[in-house]
Amino acid sequence: IYDLASKCSVLLAKDFAHNTFTVILNEETSNSRSLYVEMNKTMISIYPRLKIYKMYNFSVAEENCQVLDQSLEKNTTNSRRETNKIEVSNQKGVSVSCDFQYDLCTITLAGWHHGISAGLFGTNDNEAGNEWLLPNRSFTDNMLEFTQSWQV
């Protein structure tokens, strides 16, 4: 459990080998947070109160944003909204699910992401000794250094 008192956004998890997903906890200017999920060149921002913004095949020159009010499939990224839940997944075995009734979000990774992801959530390789890997591939046992190193 981390206490993120910082007002900075942090990288929670990213596939550094194949770039199939990125999950960032964004600190918004209005003292609220959102969850940024990128899968297969599709960006989804999940905000409290069940709002989702999805941008397809984004680039600097073109932005195609929309609010999702129902299930939607594009490319290989799927999103589903229920009464108090939102789930985003892809065919590469990545799932991000948020339950707003309990203020709880989970990230689930399939076995082929074993050891190729990193971020504030660790390395996903079942080795407790290397969970505090820094972006420069060194290790720390200092929580402040660890959490600050994953700021974006």
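We use all heavy atoms of the structure for the numbers below, so side chains are in, but hydrogens, waters and symmetry mates are not. The chain is numbered in sequence order, starting from 1.
- Summarising the geometry of Tyr36 relative to Ser45, their closest heavy-atom pair is CD1-OG, 4.2 Å, with the distance given to 0.1 Å.
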Show your working on side chain to side chain contact (heavy atoms under 4.5 Å, CB included) between Lys14 and Asn19 and close with a plain yes or no. CA-CA 7 Å; Lys14 177 177 177 65; Asn19 201 28; 2.7 Å; yes

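- Of all the heavy atoms in Val10 and Thr147, the pair that sits closest is CG1-O, 4.2 Å.
- Taking each heavy atom of Ile86 and Ile46 in turn, the nearest pair found is CD1-CG2, 4.0 Å.
- Other residues sharing a hydrophobic cluster with Ile116 under the 4.5 Å side-chain heavy-atom criterion for ILVMFWY residues do not exist; the residue is a singleton.
- The CG atom of Asp141 lies 12.0 Å from the CZ atom of Phe146; values are rounded to the nearest 0.5 Å.
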Please determine whether side chain to side chain contact (heavy atoms under 4.5 Å, CB included) holds for the pair Thr22 and Val37, giving the CA-CA distance in whole Å, both sets of side-chain angles, and the decisive distance to 0.1 Å. CA-CA 6 Å; Thr22 301; Val37 180; over 6 Å; no

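- For the pair Trp112 and Gly93, the tightest heavy-atom approach, listed with the atom from each and the gap, is CZ2-N, 4.0 Å.
- Here Glu27 contributes atom CD and Arg33 contributes atom CZ; the two are 4.5 Å apart, rounded to the nearest 0.5 Å.
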What donor-acceptor contacts under 3.5 angstrom involve side-chain atoms of residues 117-124, with partners at least two apart or in another chain?
from	atom 1	to	atom 2	distance (Å)
Thr123	OG1	Asp125	OD1	2.9
Thr123	OG1	Asn130	OD1	3.1
Thr123	OG1	Glu131	OE2	3.0
Asn124	ND2	His113	O	3.2

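- Hydrophobic clustering, defined by side-chain heavy atoms of Ile, Leu, Val, Met, Phe, Trp and Tyr closer than 4.5 Å, groups Phe139 together with Leu133.
- Listed by chain and number, the residues in a side chain to side chain donor-acceptor pair (under 3.5 Å) with Ser149 amount to none (sequence neighbours excluded).
- Nearest heavy atoms, Phe21 versus Met39: CB-CG, 4.2 Å.
- Expressed to the nearest 0.5 Å, how far CG of Asn142 lies from CD of Gln148 amounts to 8.5 Å.
- Interatomic distance, Ile24 CD1 to Ser9 OG, rounded to the nearest 0.5 Å: 7.0 Å.
- Checking side-chain atoms of Trp132 against main-chain N and O of Glu145 turns up no donor-acceptor pair under 3.5 Å.
- Counting heavy atoms from C-beta outward, Val23 and Leu35 have side chains that approach closer than 4.5 Å.
- With sequence neighbours left out, Asn136 forms a side chain to side chain donor-acceptor pair (under 3.5 Å) with Ser138.
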With a cut-off of 3.5 Å and sequence neighbours excluded, list every side-chain donor-acceptor pair involving residues 95-106.
from	atom 1	to	atom 2	distance (Å)
Ser95	OG	Glu87	OE2	3.2
Asp99	OD1	Gln101	N	3.0

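- The two residues Thr20 and Asn90 make their nearest non-hydrogen contact at O-ND2, 3.5 Å.
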